[in-house]
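Just so you know, these numbers use all the heavy atoms, side chains as well, and skip hydrogens, waters and symmetry mates.
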Amino acid sequence: MAAVFASPAVAGERESLEQLRSTTVGLIEALVQEGILSKEKADALIRKAEEARQTAETPSEPAGAVTGVAESPAGKSNVVRVQYVPEFVKQQLRNDIQKEVMAKLNYHVEEERLALPGWLDRISFEGDVRLRYEPDRFSSRNAEAYVHGLYESQQAMIPNTTQDQDRYRVRARFGINAKLSDTFTAGIRMTSGHMDNPLSPNQSIDIRAAKLDWGLDRVFITYKPYQWMSVTAGRFANPFFSTDMVWDRSLAMDGIAASFTPKLSDSVAGFGTLGAFPIDQVQKGTLNKAKDKWFIGGQAGFEWISPNKSSIKAGIAYYDFKNVEGIPNNQDGSDTRYNGTVMPYRQKGNSTFDINMNGSTVGSCGILSTSTTSTIRYDGSGCGLASKFRLVNLTGQIDLATFDPVHVILQGDYVRNIGFDAREILRRTNGTFEKQNEGYQIKLTVGTPLITQRHDWQVFGVYKKLEADAVVDAFTDSDFHLGGTNAKGFILGGSYGLDKNTFLSARWLSTKEISGLPLAIDVFLFDLTTMF
């Protein structure tokens with residue numbers, strides 16, 4: 001006679017499994033009666049549960065199995081094994097049932113079933129809200145100056161250079177991304193900010209403003225045929241590995257870009273980007289000889305990641321700006337065919353000349369000095385860029401994760417405008433400008449790389465020097481020196497997570513001019529940011 005021995009623990013596991021099976025079958029039958037599950041789906045779930053149960057009682061003996069054996073009088077062994085049921089088997093049953101039920105039963109409201117359309121599963125949302133207090137402080141040594149933009153709303157970019165100001169500002173962004181198929185995705189994003197400013201999404205707030213501007217700053221389609229390749233067209237985020245020295249972080253790129261991320265080994269991956277981007281499409285005509293402004297960009301680099309998550313990343317990029325330099329009209333002012341060569345948007349700092357005076361004087365675009373006053377004025381009516389811009393940009397980052405989650409991150413960025421040619425500028429503008437075509441910055445960050453959880457933190461320090469014609473002043477950081485080039489100084493700051501996806505940050509940007517009349521600015525940024 002065969003005998004079976006089983007410990008109380010094993011018997012309890014079998015009883016628990018039987019109870020789980022009974023409960024599962026009862027739940028499935030109830031869902032069928034309610035019309036939530038079809039009979040075919042229910043039968044398939046029951047079969048799957050039965051297969052899992054039979055698998056759990058196979059003769060294999062994992063660790064923890066308890067077996068009772070009794071020998072028959074003939075010396076033959078009749079073995080009955082009561083297996084220990086692994087927790088993952090029971091969890092698999094629960095997950096399978098939950099997945100199938102939730103796919104059919106989205107939610108109930110007042111006992112009415114609401115079946116959400118399947119396309120919602122392919123949609124994701126993102127957004128953030130930022131509140132900012134910004135005191136701007138000007139040195140008493142500054143020359144009396146003012147800066148004019150090309151549009152009326154830009155005239156308040158720097159209303160003065162001697163009177164301090166306090167600004168209360170907000171930024172709001174909301175985006176929708178859709179997975180159209182295995183290879184195509186699309187997205188749009190709305191943002192606050194003045195519609196004629198391509199950089200800053202910030203808006204100053206007061207009751208007088210009544211309503212905030214709200215516009216579309218992302219609209220794109222991405223094609224990804226392989227894991228290591230993607231092509232994006234439309235208006236999208238900056239595809240280049242870079243800092244805010246060349247490209248402001250809020251700048252949207254218009255055009256098309258292809259990105260490549262081939263894996264070279266288990267720890268090394270390459271990356272590359274190629275793209276073409278329109279800046280200003282000029283209306284053609286017999287009285288307009290200006291050409292479309294645009295740039296092409298290319299970048300190549302690599303990233304090495306160690307087993308402890310430390311990494312080294314470096315890339316070299318080339319940006320060639322087409323037709324952004326000004327071309328002079330006839331000196332008598334009767335010819336306006338090259339008015340369109342003026343940049344449609346500028347901050348400040350680049351060397352400029354008055355295209356309507358044929359370079360005979362710097363005019364309203366540069367420094368005006370008399371015995372009684374000194375004024376800096378950038379008037380967009382005829383202010384052309386003196387230099388061409390062809391940038392070579394080297395960017396690197398070392399991320400030490402030895403003390404993870406605390407990281408030590410060192411970033412470096414260097415740019416040189418090889419398009420600056422003093423002889424070519426003299427020939428075209430009949431004027432001479434000092435060669436200031438280099439820039440660099442160094443940044444050290446200690447703390448959590450991303451602030452997403454409560455008590456995450458980081459502190460950082462930056463030193464930056466950006467000469468007048470190192471980059472196109474329209475696209476560089478809009479906070480450093482209140483935007484533009486011809487500035488040097490440091491940035492100190494830090495961030496602290498108040499809760500999940502909510503953090504405080506503070507920055508101090510202290511800058512002064514590299515050349516020209518005195519212009520020293522201290523900018524303080526105190527932000528409360530939430531993300532969703």
### Gap between atom CG of D244 and atom OG1 of T476 - 0.5 Å precision
6.5 Å

Think [X] forms a cation-pi with [Y], using NZ or CZ under 6.0 Å from the six-ring centre and within 45 degrees of its axis?
{"X": "K313", "Y": "F271", "answer": "yes"}
{"X": "K443", "Y": "F460", "answer": "yes"}
{"X": "K224", "Y": "F184", "answer": "no"}
{"X": "K464", "Y": "F480", "answer": "yes"}

So which atom in [X] and which in [Y] form the shortest heavy-atom distance, rounded to 0.1 Å?
{"X": "L466", "Y": "M245", "value": "CD1-CG, 3.8 Å"}
{"X": "T161", "Y": "A143", "value": "OG1-O, 2.7 Å"}
{"X": "E467", "Y": "N437", "value": "OE1-N, 3.0 Å"}
{"X": "F236", "Y": "G255", "value": "CE2-O, 3.3 Å"}
{"X": "G349", "Y": "A468", "value": "O-CB, 3.3 Å"}

### Query
Is S204 reaching over with its side chain to a backbone N or O of R169, donor-acceptor style, under 3.5 angstrom?
no

### Task
Mark yes or no for whether N417, through its side chain, and K388, through its backbone, hold a donor-acceptor pair below 3.5 Å.
yes

So does [X] have more than 12 non-hydrogen atoms from other groups sitting under 6.0 Å from [atom1]?
{"X": "I442", "atom1": "CD1", "answer": "no"}
{"X": "K500", "atom1": "NZ", "answer": "no"}
{"X": "D266", "atom1": "CG", "answer": "no"}
{"X": "R141", "atom1": "CZ", "answer": "yes"}
{"X": "Y226", "atom1": "OH", "answer": "no"}
{"X": "L498", "atom1": "CG", "answer": "yes"}
{"X": "E424", "atom1": "CD", "answer": "yes"}
{"X": "L216", "atom1": "CG", "answer": "yes"}

Compute whether any side-chain donor of one residue and acceptor of the other, for [X] and [Y], lie under 3.5 angstrom apart.
{"X": "T529", "Y": "D527", "result": "no"}
{"X": "T336", "Y": "N329", "result": "no"}
{"X": "D413", "Y": "T243", "result": "yes"}
{"X": "T222", "Y": "T232", "result": "yes"}
{"X": "Q441", "Y": "Y414", "result": "no"}
{"X": "N308", "Y": "D404", "result": "no"}
{"X": "D217", "Y": "T191", "result": "no"}

Can you classify the ring geometry of [X] versus [Y] as parallel (below 30°), tilted (30 to 60°) or perpendicular (above 60°)?
{"X": "F490", "Y": "W508", "answer": "perpendicular"}
{"X": "F174", "Y": "F125", "answer": "parallel"}
{"X": "F277", "Y": "F295", "answer": "parallel"}

### Query
Does the pair R167 and D136 meet the rule for a salt bridge (Lys or Arg N to Asp or Glu O under 4.0 Å), with working shown?
CA-CA 8 Å; R167 295 194 282 182; D136 299 329; 3.4 Å; yes

### Stepwise salt bridge (Lys or Arg N to Asp or Glu O under 4.0 Å) check, D128 with R130
CA-CA 7 Å; D128 61 75; R130 184 177 72 191; over 6 Å; no

### Query
Is R137 salt-bridged to D522, going by a charged N under 4.0 Å from an acidic O?
no

### Query
Is the shortest distance from a Lys or Arg side-chain nitrogen in D479 or R507 to a carboxylate oxygen in the other one below 4.0 Å?
yes

#### Entry: Option passing side-chain hydrogen bond (donor to acceptor under 3.5 Å, both in side chains) with S351 (candidates T432, D469, T429)
D469

### Task
Measure centre to centre between the rings of Y319 and W247, then say whether the value is under 6.0 Å.
yes

### Message
For D473 and K348: C-alpha separation, side-chain torsions, deciding distance, then whether salt bridge (Lys or Arg N to Asp or Glu O under 4.0 Å) applies.
### Response
CA-CA 6 Å; D473 65 24; K348 62 183 186 300; over 6 Å; no

### Task
Name all residues meeting the side-chain contact (heavy atoms from CB on, under 4.5 Å) criterion together with A237; count only those two or more places apart in sequence or in a different chain, and write none if there are none.
R218

